[in-house]
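Below is one structure, written out as structure tokens, with a few remarks after it.
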Amino acid sequence: MISTLILLFGLINLVMSITGRIKGLITLLSIQGFILFLIIIFSHDISLDLNFLFLIFETLVIKTIVIPSLLKIILFENNIFRETEPYIPNFYSLVISSIMLFTGIILMPFYLGVSISTILISLFFITTKKKLLTNVIGFAMLENGIFLFSLSVAEEMPVIVNMGILLDVFIAIFILGLLVKKINTVFNDSNTCALCNLKDCGCDD
Amino acid sequence: MTDAMSIIQDYFVIDSVNILFLLILAVIFTGVTIYNSSFIKTLDLNNNDRIKYSIATVLFVLSMLGTILSNHLGLSWVFIEATTLASAYLIYFQKTKNSLEAAWKYVFICSIGISLAFVGIILLLTGAEGINSLFYNDLYSHADMIDPFWLKLSFVFILTGFGTKIGLAPVHTWLPDAHSEAPSPISALLSAILLNSAFLVLLRYHKLMNLSGLSDFANTLLLVMGILSVFVTAVFVFNINNYKRMLAYSSIENMGIAAIGLAIGGIGTYVAMFQLFGHSLIKAAFFLTAGNVLNLYGTKKISKISGIIKKDKLTGWLWVLCFVGISGLPPSPLFFSKFLLLKELFARDQIIFAIVFLVLLVIILYGIGKVVIKMSFGEPPESDIEVKIHKTMYVPQLVFLIVAATVGIYIPDFFLNLLNNAVIGCR
């Protein structure tokens with residue numbers, strides 16, 4: 001059961017790498033969070049232990065509901081719906097991501113393979129997309145991969161999982177930054193291309 | 001109560017290595033605070049913003065203090081994360097389009113770096129089954145129990161992650177933007193303390209690699225990143241039109257030299273320590289003086305600035321002296337560290353490497369020298385704005401430079417002991 005869930009988690013990465021609609025990406029992110037929740041339910045004994053409750057809260061509330069809904073709010077406020085022109089065509093993204101996922105699964109134990117390849121795929125995702133919002137989604141995806149990975153040492157060092165949750169603070173910062181709409185009002189078009197003012201050249205800088 | 005105290009004593013310690021970094025933090029922050037007291041008046045802020053600026057600065061320094069003092073890899077990681085959060089607001093402080101861009105890049109790149117460092121910590125734990133502790137002392141004493149495969153893999157992630165914060169190429173890209181857009185005292189703090197405190201975490205992890213007998217692997221990676229940092233600086237500094245970016249690139253170079261020193265080992269570790277110390281003092285002075293220049297001319301463009309010495313004598317000479325310090329001409333302490341590094345390279349028959357290193361240093365010296373001479377001498381451009389600079393905006397730089405020059409000429413016994421102990425603690 002757990003293996004199926006983890007495989008599903010990995011396959012969602014592939015779907016994400018070809019999804020153009022940002023709304024779809026956010027839904028997929030939320031599904032990933034829910035799968036993490038299911039993995040925890042099936043792999044841990046259900047108890048009222050503080051750590052366990054913390055994991056449940058993190059996956060079910062924050063990863064499945066809070067972050068995706070905040071992202072959706074930004075989406076509607078800014079009227080950006082599509083990642084129009086990624087640096088690499090979606091088909092090639094799919095091929096590269098699949099290679100990453102399957103190499104990971106073949107080379108490493110299943111659990112580690114999926115989580116490490118999720119981390120790599122999300123880094124690839126971030127570098128190939130242009131919109132700031134899709135970059136943030138990529139970061140949230142990276143976060144999910146790391147969370148899955150940290151579950152492998154959760155038995156021995158639960159504190160490490162709790163530490164990883166601090167990474168969510170960053171997502172919150174990005175979301176807040178976008179929410180306050182500063183980025184959007186300052187840069188009319190929220191592409192990363194708008195963030196190219198600071199660079200090195202002999203010319204007017 | 002005693003329980004809480006003992007927990008704090010477990011997690012925060014002062015040992016032979018971090019005492020040097022603590023000293024640097026104390027000296028630099030004192031100077032920057034004195035500078036800030038006048039600098040903040042030049043920004044034309046309302047009371048609310050001043051309070052925010054001060055609180056964010058203190059939080060930023062507090063998080064760096066935590067990184068330096070912590071005796072636990074996880075805690076160091078948390079504090080490094082905190083430095084990003086605290087300083088992001090300060091970088092965005094001037095609320096211009098460029099500062100927003102710099103802050104966004106800074107937070108985004110550094111948080112990905114931090115995430116990768118976290119993956120490194122998990123990989124370490126995967127390989128260190130049975131240790132279940134991230135205290136450096138526990139890791140050191142069980143270093144032979146850690147599976148070398150996982151440790152190597154984790155070092156790659158840790159080096160990328162903390163290397164992002166240190167500003168080693170090729171993951172340095174946030175650094176020139178952030179340093180050039182932040183207010184000058186904050187740039188000084190970023191460059192002189194933040195990079196050091198991230199370097200300290202790397203030093204501690206490097207010791208673990210040494211103890212597990214994987215130092216060759218770690219040193220190769222460090223050497224590659226170090227020389228790449230010097231190379232990147234040489235390329236970009238050559239034709240640059242923003243003097244704060246130039247200083248930021250120079251920080252990348254100096255961190256690269258420290259990384260090379262650490263990688264070479266032996267006397268190289270001594271070089272790294274000395275380099276970090278000298279760079280902090282001189283670069284802090286340089287950035288603070290850059291604040292004065294920005295005040296006088298109101299632009300960061302090199303092409304629009306000339307004749308600083310005629311316009312404001314003291315700032316002009318400070319600018320030149322800082323250049324003498326940073327370029328490693330005697331009596332700068334950086335002369336010592338670069339000289340010792342080259343000597344060590346020659347002693348080990350790494351002639352080609354030494355020559356490449358020397359050529360890159362000369363290119364950087366030429367690049368920065370050209371800019372500094374162009375800015376300092378000649379006639380200042382016509383302007384009717386008279387800017388008075390308060391004397392507390394000169395004193396800290398002077399003190400930093402005097403301390404640096406003193407150490408460059410004569411190393412007092414207590415400082416020599418401090419350095420020696422730090423070097424021993426790194427092995």
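Computed from a predicted model, the values in this text were never measured in an experiment.
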Q. For the candidates Thr126(B), Leu116(B), Leu85(B), which exhibits the highest count of non-hydrogen atom pairs separated by less than 4.5 Å from chain A?
A. Leu85(B)

Q: Output the distance between atom OG1 (Thr134(A)) and atom CZ (Phe125(A)), rounded to the nearest 0.5 Å.
A: 6.0 Å

Q. What part of Ala88(B) gets closer than 4.5 Å to chain A, counting heavy atoms only: side chain, backbone, both or neither?
A. neither

(Q) So for Ile146(A), is it side chain, backbone, both, or neither that comes closer than 4.5 Å to the heavy atoms of chain B? (A) both

Q. Lys63(A) and Ser30(A): side-chain donor and acceptor closer than 3.5 Å?
A. no

Q. So, is the end of the Lys152(B) side chain (NZ or CZ) under 6.0 Å from the ring centre of Phe149(B) and within 45° of the ring's axis?
A. no

Q: Side chain from CB out, backbone as N, CA, C, O: work out which of these in Ser133(B) comes under 4.5 Å of a heavy atom of chain A, or both, or neither.
A: backbone

Q: Count the heavy-atom pairs under 4.5 Å between each of Ser122(A), Ser150(A), Gly145(A) and chain B, then report the option with the highest count.
A: Ser150(A)

(Q) I want to know whether Phe135(B) and Tyr11(B) have ring centres closer than 6.0 Å. (A) yes

**Q.** From CG (Leu133(A)) to CG (Leu25(A)), nearest 0.5 Å
**A.** 9.0 Å

**Q.** Phe238(B) six-ring centre to Lys370(B) NZ/CZ under 6.0 Å and within 45° of normal
**A.** yes

**Q.** Phe108(B) portion near chain A, given a 4.5 angstrom heavy-atom threshold
**A.** both

Q. Heavy-atom distance under 4.5 Å to chain A: side chain of Ile121(B), backbone, both or neither?
A. side chain

